[in-house]
Amino acid sequence: MVLSYDLPFQQSKLALKLKDIADHEVFLLPVCQNCHAVQYPLRERCGTCLSENVEWQAVDCGGKMMASTSVHVSFESHFNKRTPYHIGLVRLDAGATLLVYLPNKVAPGKTVTVKAEVDDFGTGILVARECGSGEMAND
Amino acid sequence: MKSRIYPDVAVAVPVTVPYVKKTDHGAAWFIGAALSALVEQAGIQKEDIDGLALASYTNRPDSAAVMAEYFGMELGWLVDLPMGGASGALALRRAARAVQSGEAEMVACIGADVMQMENFKNLIADFSGFSRDYVHPYGATGPTAIFAMITQNYMHQYGATREDFAKICIAQRQAAMHNPNALLRKPMTLEDYLNARMIADPLSMLDCVMPCCGAEAFLVMRADRAQKLGLPFTRLLASAERHNGFYNDDIQFRGGWARFSEALYNDAELGPQDMDFLQAYDDYPVIALMQIEDLGFCKKGEGPELLRTKSLSAEGGALPLNTGGGQLSVGQAGAAGGFLGINEAVRQLLHQAPGLQIPQARCGIVSGYGYVNYDRGLCATAAILSNSGN
């Protein structure tokens with residue numbers, strides 16, 4: 001179900017791409033073709049070697065949960081409708097720190113898998129689930 | 001004490017435009033109020049100010065140049081600093097070099113914002129490219145959720161507890177109770193802290209600064225000018241900045257301070273043991289604790305033990321921290337929050353503290369931190385100030 005909510009600003013063209021790649025069979029992110037650095041937050045040009053040769057490609061979706069929080073109060077009323085909700089920081093094995101949505105809270109140090117999904121508000125976001133938790137995507 | 005890095009640079013006339021929770025005025029009103037107070041308290045003419053370093057989020061889209069027009073000033077030196085909590089020390093550093101080189105004679109450094117709730121909400125909704133695209137859509141509206149994760153990681157790595165962070169919040173509240181400019185002066189107990197409404201665990205309401213409206217300002221000039229004007233002044237002994245420090249760390253557990261603290265103390269020819277106080281940037285207690293560690297008051301990871309064994313009080317504490325109450329109890333008037341610690345430091349050294357005064361305060365350190373763009377703050381600053389020795 002898509003709730004009626006528009007972000008209070010226009011997302012960049014690059015960020016909107018997360019919606020296009022949502023629910024792909026493989027996890028895609030921009031990767032520098034010169035130095036192989038994974039680009040997240042998404043970058044049009046490599047944040048490591050500055051190359052412009054950055055392409056979306058399949059990336060290992062495994063990572064480690066660094067930290068998470070349950071948000072109880074938000075400044076935005078539409079987010080307050082779904083409190084408490086969980087978000088976390090995942091260190092991707094492929095090398096990048098991802099801010100992710102967590103359908104269920106995950107303890108620090110646990111291994112997770114990440115995928116791009118479209119949320120209730122129609123925004124492309126990254127979602128992480130604990131490995132072996134039996135959680136299904138789109139649950 | 002005289003500085004070998006900034007010889008003859010004076011920092012004087014600390015001004016606070018009283019903080020309020022709400023106002024009908026715009027940011028320019030507060031900037032003008034700060035300028036007016038600087039002129040009046042320094043006993044100078046507006047025309048004597050030939051440099052302006054300004055930090056304000058809510059004055060946008062107007063820049064510092066627009067303020068020159070607004071307030072009828074002709075300036076030979078101008079900087080606009082959109083680095084939030086780091087902007088105070090950045091203003092001080094740049095102004096010090098300007099007067100040293102002769103590019104400016106008298107620089108007004110001002111942080112001012114009208115950060116009532118609605119403005120704060122608008123600011124964080126569209127703060128930066130990365131935050132708009134990769135933070136806000138997750139409901140991490142504002143930096144609190146990010147700091148909740150930084151705090152959780154710190155607790156996990158170093159065994160800190162909520163009771164440890166309470167020490168910072170309670171000590172600062174006790175200081176604020178003596179500071180007439182603090183918006184939050186109600187006594188806080190450990191029970192109050194532990195039972196406070198949870199915002200994003202482990203951070204509760206009492207771990208978060210309250211956005212408000214106000215301004216902080218000071219003047220930077222040559223020491224001989226300050227003497228001629230009869231102004232009590234402090235000296236800048238050393239200062240440093242580091243942006244995007246340790247950017248390869250998976251999650252923030254230290255800041256750019258750890259990169260420069262040794263060189264900073266060397267420049268000042270002093271060590272942490274010589275500091276009579278630390279005015280640390282305290283948008284959340286975990287960040288103040290990182291500054292305690294990274295600025296050498298204890299080793300990394302020993303912060304919780306320091307909090308358990310040492311007093312942070314201005315009244316005889318081993319490490320007087322944020323002696324006016326800090327932003328956690330005074331309020332965070334946007335970018336003025338980056339100037340608050342500098343003004344408290346200057347006032348302590350001039351023995352003009354509005355609240356608790358550290359007896360015989362001779363020198364101290366003030367640090368800044370700002371610009372939470374994605375998963376951490378990007379800008380770290382620090383300055384060591386001393387009394388003029390006159």
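Only a predicted model underlies this, so the values are computations on that prediction, with no experimental measurement involved.
Between B/Tyr158 and B/Glu293, the side chains place no donor N or O within less than 3.5 Å of an acceptor N or O (distance only, hydrogens not considered). Side-chain N/O atoms of B/Thr144 and B/Tyr284 include a donor and acceptor closer than 3.5 Å. Defined by atom type and a distance below 3.5 Å, a donor-acceptor pair is missing between the side-chain atoms of B/Asp282 and B/Tyr369.
In this structure, A/Tyr101 contributes its side chain and A/Glu117 its backbone to no donor-acceptor pair below 3.5 Å. Side chain of B/Gln332 to main chain of B/Leu328: no donor-acceptor pair is present (N/O by atom type, distance under 3.5 Å, no hydrogens or angles). Although no hydrogens or angles enter the test, the distance criterion places no donor-acceptor pair under 3.5 Å between the side chain of B/Ser329 and the main chain of B/Gly326. A donor-acceptor pair is defined here as one N or O able to donate and one able to accept, closer than 3.5 Å; such a pair exists between the side chain of B/Gln152 and the backbone of A/Ser68. Remark: the backbone N or O of B/Phe147 is paired with a side-chain donor or acceptor of B/Thr151 at under 3.5 angstrom.
Ranking A/Leu89, A/Leu99, A/Ile87, A/Leu98 against chain B, the residue ahead of the rest is A/Leu99, based on heavy-atom pairs under 4.5 Å. Chain A forms more heavy-atom pairs under 4.5 Å with one residue of B/Ile251, B/Ile146, B/Asn248, B/Asp133 than with any other, namely B/Asp133. The candidate with the highest count of non-hydrogen atom pairs below 4.5 Å against chain B, out of A/Ala15, A/Pro41, A/Ala67, is A/Pro41. Ranked by non-hydrogen atom pairs under 4.5 Å with chain B, the options A/Gly109, A/Pro84, A/Pro108, A/Gly124 are led by A/Pro108. Ranked by heavy-atom pairs under 4.5 Å with chain A, the list B/Asp201, B/Ile150, B/Asn153, B/Asp375 is led by B/Asp201.
For A/Leu42, the parts sitting under 4.5 Å from any heavy atom of chain B are the backbone and the side chain alike.
B/Tyr134 and B/Tyr374 have perpendicular rings, their planes meeting at more than 60° on a 0 to 90° scale where under 30° would count as parallel.
The pair B/Asp80-B/Arg60 meets the salt-bridge criterion, since a charged nitrogen lies less than 4.0 angstrom from a carboxylate oxygen. For the pair B/Glu305 and B/Lys167, the salt-bridge criterion is not met [side-chain N within less than 4.0 Å of a carboxylate O].
Residues of residues 114-122 of chain B that come closer than 4.5 Å to chain A, counting heavy atoms only, are B/Met117, B/Phe120, B/Lys121, ordered by residue number. Residue-level contacts of residues 44-53 of chain A with chain B do not occur; threshold 4.5 Å between heavy atoms.
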Original post:
Can you list the steps and then say if B/Lys21 with B/Met210 is a side chain to side chain contact (heavy atoms under 4.5 Å, CB included)?
Top reply: CA-CA 9 Å; B/Lys21 289 183 189 173; B/Met210 183 177 74; 3.7 Å; yes
